[in-house]
Peer 1: 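Here's a structure for you.
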Amino acid sequence: MNQIKIGAFISERRKAKGWTQSQLAEKLEITDKAVSKWETGRSMPDLSLFIPLCTLLEVTLNELFAGECIAEEKLKEKADEVLMDVITNWLGHDKWESKESGTTLQNVLEVENVSKLYENVSVGHETENNSVLAVNDVSFQIPRGSFVGIMGASGSGKTTLLNLIATIDKPTNGAVRISGQNIVDMPDEAAAEFRRRHLGFVFQEYNLLETLTIYENIALALTIKEVSKESIRPTIQSLSEKLDISAILDKFPYEVSGGQRQRCACARAIVVNPDIILADEPTGALDSHAARQLLDTFAMLCREFSVTILMVTHDVVAASSCDRILFMKDGEIKAALNREQESKQTFFADILKKIEWIEGESHDVFEVVNP
Ligand code: ADP
Ligand code: MG
């Protein structure tokens, strides 16, 4: 793998598009410096940027790795060569092994046989010894760019599950992998660092810091991630336009509406380019108009920026914006629904039917679920 050759290729393709380094940087929402470093062969783009970079430059991944355009007749031969190169020189042997053992690059999140037992408590669905199995042997995967909802009645284990994925709580059993990394055995300090770098949060009452302006709230997230000073303002500005909050950047959180606050929380969550955004009842405190705007924002982020979102909600309207719903009851995932090509309205009706079926008592055999 020839980093200098790849850099020269990026530079050539960028110029062919008529873009400056800053223009390319802006499109990728990264610093100018990063682009300059790639082009002079001093560094390689981050893994998460390969696909958007290839899309922008109109090259294939193979071509990017090879550092040249590949003629169709040489595709097979070149592809193998490039793949070997990537494996041996770049991904490193360790990483490659962990990918082969079940992790595909596509899945941002993999939850495998996860359970959480709270011991010695006297509430909820009790077992004999006063403990609560809040999450019971749950497995599912979430591919990059999808918008997945978790539904279930109060007490069904949604928040517990989300906290396990958020590294806030530890499962009693099972594995949780985010971008291939098992987060379950991480010491607390590493977990905190992991949260900052890889996760974004949007909660119902997500506390933006009241003494900072909206702009400063978003900038704080970038500063924590050690993003260069020069790139903070352009990054926030371009994102704010997309989220329609440019006009309120200099206001304080208490000066703006609930919906605007939530879109700011969104901006703060995605500005650091997290692997996944975790949202717990994010529309819970919003009026229906603001809720709809937030959901449209989520859907846009997934569609246009391949952001991955996992949202807990008990609101069927909110859920019908998702691509996929997992239904929880008594700590288990009892069913899953995919939106496919349906309209929101049809999906809404399907979700209602599914909830009725899950909560109903007329069935004693559960559908075989393969989430
Ligand atoms: P949901 O978010 O779906 O309402 P939770 O995940 O909050 O459900 O709760 C699932 C079950 O676990 C409930 O029975 C709840 O009482 C219990 N539970 C949640 N958190 C704790 C905790 N920290 N200690 C003991 N039991 C808990
Ligand atoms: Mg909850």
Side-chain angles (χ1 to χ4, degrees), residues 109 111-140 142 147-176 178 183-184 186 188 191-192 195 199-207 258 261-262 265-266 269 276-286 291 294-295 298 309-322 324-337 351-352 354-360 366 369 371:
L109 174 68
V111 173
E112 212 175 274
N113 306 109
V114 164
S115 298
K116 177 70 187 185
L117 182 72
Y118 288 115
E119 284 179 281
N120 304 318
V121 287
S122 51
V123 285
H125 29 275
E126 296 174 20
T127 57
E128 294 97 283
N129 57 354
N130 254 8
S131 47
V132 176
L133 195 51
V135 171
N136 185 5
D137 197 22
V138 163
S139 300
F140 64 94
I142 299 188
F147 184 9
V148 176
I150 297 183
M151 299 195 77
S154 176
S156 58
K158 306 181 298 292
T159 297
T160 304
L161 179 60
L162 206 70
N163 288 344
L164 296 174
I165 297 166
T167 74
I168 292 166
D169 202 352
K170 289 201 186 301
T172 318
N173 276 307
V176 177
I178 296 176
I183 56 161
V184 163
M186 255 182 210
D188 289 351
R195 277 198 293 279
L199 306 179
F201 296 94
V202 182
F203 290 151
Q204 181 174 336
E205 303 288 348
Y206 196 48
N207 36 338
R261 290 170 70 106
Q262 276 304 53
C266 269
I276 187 166
I277 290 185
L278 303 172
D280 195 353
E281 303 278 2
T283 58
L286 301 180
L294 180 71
L295 294 163
F298 276 158
I309 300 178
L310 179 60
M311 173 177 78
V312 163
T313 185
H314 60 246
D315 176 359
V316 183
V317 177
S320 46
S321 285
C322 296
R324 177 174 174 77
I325 308 287
L326 306 175
F327 295 89
M328 284 190 86
K329 189 181 183 188
D330 301 339
E332 292 177 49
I333 294 185
K334 297 286 191 190
L337 260 188
I351 295 170
L352 274 183
K354 192 62 108 180
I355 293 174
E356 215 174 322
W357 177 81
I358 290 169
E359 299 303 328
F366 282 119
V369 186

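We count ligands from 1, going down the list as the structure has it; atoms in each ligand are counted the same way. Positions are given from 1 along the sequence. Values below: all heavy atoms of this structure, side chains included; hydrogens, waters and symmetry mates excluded.
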Peer 1: Could you tell me which non-hydrogen atom of I325 sits nearest to which non-hydrogen atom of M151, and how far apart they are?
Peer 2: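 Taking I325 first and M151 second, the nearest heavy atoms are CG2-CG, 3.6 Å.
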Peer 1: Would S115 and D137 count as a side chain to side chain donor-acceptor pair (under 3.5 Å) if you check the C-alpha gap in whole Å, the side-chain angles of each, and the deciding distance to 0.1 Å?
Peer 2: CA-CA 5 Å; S115 298; D137 197 22; 4.9 Å; no
Peer 1: Is ligand 1 less than 4.0 angstrom away from at least one heavy atom of A153?
Peer 2: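 Per 4.0 Å heavy-atom rule, A153 contacts ligand 1.
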Peer 1: With a 3.5 Å distance limit and no angle check, can you tell me whether T160 reaches the backbone of A134 through a side-chain donor-acceptor pair?
Peer 2: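 Here the side-chain-to-backbone pair does not exist.
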Peer 1: Donor-acceptor check, side chain of E332 to backbone of V135, threshold 3.5 angstrom: yes or no?
Peer 2: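 Not confirmed, E332 side chain does not pair with V135 backbone.
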Peer 1: How close do N136 and D330 get, heavy atom to heavy atom, and via which atoms?
Peer 2: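 Closest approach of N136 to D330: CB-O, 4.4 Å.
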Peer 1: Check for a donor-acceptor pair, side chain of R195 on one end and backbone N or O of T167 on the other, with a separation under 3.5 Å.
Peer 2: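 Confirmed, R195 side chain pairs with T167 backbone.
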Peer 1: Work out whether the distance between some heavy atom of G152 and some atom of ligand 1 is less than 4.0 Å.
Peer 2: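 Heavy atoms of G152 never come under 4.0 Å of ligand 1.
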Peer 1: Near the Mg ion (ligand 2), meaning under 2.8 Å, how many protein N/O/S atoms are there?
Peer 2: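 There are 1 of them.
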Peer 1: I want to know if ligand 1 touches V132 in the polar sense, i.e. an N/O pair below 3.5 angstrom.
Peer 2: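 No; the residue has no nitrogen or oxygen that sits under 3.5 Å from a nitrogen or oxygen of the ligand.
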Peer 1: Closest heavy-atom contact between I358 and A335?
Peer 2: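 In terms of heavy atoms, the two residues are closest at CD1-CB, 4.1 Å.
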Peer 1: Flag L161 as yes when one of its N or O atoms lies below 3.5 Å from any N or O atom of ligand 1, and as no otherwise.
Peer 2: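 L161 vs ligand 1: no N/O contact under 3.5 Å.
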Peer 1: Any donor and acceptor pair, going by atom type alone, linking the side chain of K116 with main-chain N or O of K170 inside 3.5 Å?
Peer 2: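 Yes, the answer is positive, given that a donor and an acceptor are paired below the 3.5 Å cut-off.
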Peer 1: Taking 4.0 Å as the limit for heavy-atom contacts, which would you say applies to T159 with ligand 1: side chain only, backbone only, both, or neither?
Peer 2: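 It is both backbone and side chain that touch ligand 1.
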